[in-house]
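The chain is numbered in sequence order, starting from 1. Since the structure is predicted, the reported quantities are computational estimates derived from the model, not experimental observations. Both counts, for ligands and for their atoms, begin at 1 and track the order of listing.
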Amino acid sequence: MKNKVKELLEQVEKFTSESIERVEEFRIKMLGKKGEITQLFEDFKTFTAEQKRETGKDLNELKTKTLDKINEFKDLLANTQAQTNNTFDMTMPATNEPLGSRHPISIMKNKIIDIFKRLGYTIAEGPEIEDDWHVFSALNFPPEHPARDMQDTFFIETNPDILLRTHTSSIQVRAMEQTKPPIRIICPGRVFRNEAISARSHCIFHQIEGLYIDENVSFADMKQTLLYFAQEMFGKDTQIRLRPSYFPFTEPSAEMDVSCKICGGKGCNICKGTGWLEIMGCGMVDPNVLENNGIDSKKYTGFAFGMGIERTSMLKWQTKDLRLYFENDIRFLRQFSAVV
Ligand code: PHE
């Protein structure tokens, strides 16, 4: 028995093969029903306890080594076979790597910027973490104004002077501090408000605000600028309507509506039967704001406006739920791949 085990072990160690069939033959020869190793195990059963003790270990070792060898060659040959079967077809058309597309918020931001660039506006940016002065005080917010309230604004707990900007008007303050009129800027950016997330509002969203300060800037200039914007954005036949409103930093202030594209002004469920859709706030810069920022309000006047990028996108592309812009569901984003 001992010699037989030794002899078979040598055979196993020497075994090599280039074909999977030869490996299978070898397996049957050794471990098949009538295989040599199987036979040894049969003989083993008839051994005395002492004989078993002498040969058991070697016999088991022979079996595992044989199995290892067989598996090693099976794996090796299976791999090389897969490689040779997979011959490369040079005439096959290339598979296109799916390209990402711009996020709709970026697309809309660029569209708005493009329109105002044509009117000579330049882009200004500023920090998202701001102080009270740039977001509120310089903009003529009275100390008791509700927008300053904890319910609307995210303050830094340890220092209530530091907060996340609630509008990009803070950039306009920085621009007034740093440059002399004429100033003609648009300020895109992310803003933060402590609001519940719903189909119509989110605690993080994007705005673009504009500021134009020079000598003799009038309400009529503002109206014409915003009409131009609305028609470039929503189509040449778009009309605008200004409704009186209130902002601490503008006087007079207005809310601008655009005529509803869906029903052509007749009234539908998108415009809630009114024929108009609210799109932005605007107004003549309050003289206090100019003075707060070292600009002579007797010499200069200006107008400002501000719109939400999500809101404008929802109107333009008729999106029903604002949250879609934040969830980044590829099925939603893909629909914008053709929009530039
Ligand atoms: N800052 C205002 C807002 O966040 C928008 C606005 C800007 C209104 C400029 C008037 C003038 O709602």
Side-chain angles (χ1 to χ4, degrees), residues 109 112-113 116 119 121 123-128 130 132-142 145-149 151-154 163-176 183-195 200-213 217-219 221-227 229-230 240-258 277-290 292-293 295 297 300-315 322:
K109 181 178 93 175
I112 299 171
I113 288 174
F116 283 103
L119 293 172
Y121 285 74
I123 301 168
E125 287 181 309
E128 291 178 354
E130 268 289 7
D132 179 280
W133 172 256
H134 290 94
V135 176
F136 298 130
S137 299
L139 288 162
N140 206 31
F141 276 80
H145 194 284
R148 291 174 176 247
D149 204 301
Q151 268 132 43
D152 285 304
T153 309
F154 289 112
L163 46 102
L164 297 179
R165 67 182 178 199
T166 55
H167 52 185
T168 54
S169 307
S170 53
I171 305 175
Q172 308 182 1
V173 175
R174 289 185 180 273
M176 288 187 269
I183 296 173
R184 191 155 34 178
I185 50 165
I186 39 169
C187 317
R190 200 156 51 153
V191 299
F192 307 84
R193 287 183 198 176
N194 193 2
E195 275 176 24
R200 296 173 61 87
S201 68
H202 205 288
C203 55
I204 302 173
F205 61 101
H206 299 79
Q207 275 192 328
I208 290 200
E209 298 211 351
L211 176 71
Y212 179 30
I213 301 175
V217 175
S218 69
F219 197 90
D221 294 330
M222 178 179 87
K223 197 175 161 195
Q224 194 55 34
T225 303
L226 298 182
L227 176 65
F229 165 75
I240 62 164
R241 173 173 89 167
L242 293 169
R243 282 178 292 113
S245 185
Y246 172 79
F247 297 103
F249 36 91
T250 46
E251 182 58 38
S253 305
E255 212 71 67
M256 185 174 108
D257 298 341
V258 290
L277 296 160
E278 186 182 315
I279 173 153
M280 67 169 102
C282 57
M284 300 306 291
V285 181
D286 192 303
N288 284 343
V289 173
L290 295 175
N292 279 345
N293 294 291
I295 295 172
S297 64
Y300 293 106
T301 50
F303 63 78
F305 53 89
M307 70 192 101
I309 301 183
E310 283 82 358
R311 172 146 186 87
T312 312
S313 309
M314 286 171 84
L315 296 182
L322 182 135

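- Residues with a heavy atom under 4.0 Å from ligand 1: His167, Ser169, Arg193, Gln207, Glu209, Phe247, Phe249, Thr250, Gly281, Cys282, Ala304, Phe305, Gly306.
- Minimum interatomic distance between Asn293 and Val289 (heavy atoms only, all atoms of both residues): ND2-O, 2.8 Å.
- Counting only distance, with no hydrogens or angles, the side chain of Glu195 and the backbone of Asp152 share no donor-acceptor pair below 3.5 Å.
- The ring-ring contact (aromatic ring centres under 6.0 Å, His included) with Phe305 is formed by just one residue from the set Tyr212, Phe116, Phe229; it is Phe116.
- A donor-acceptor pair under 3.5 Å is formed between the side chain of Thr301 and the backbone N or O of Val217.
- With sequence neighbours excluded, the residues forming a side-chain contact (heavy atoms from CB on, under 4.5 Å) with Glu128 are Arg165, Arg190, Phe192, listed by chain and number.
- What you find for Glu255 and Ser245 is that their closest heavy atoms are OE1-OG, 3.1 Å.
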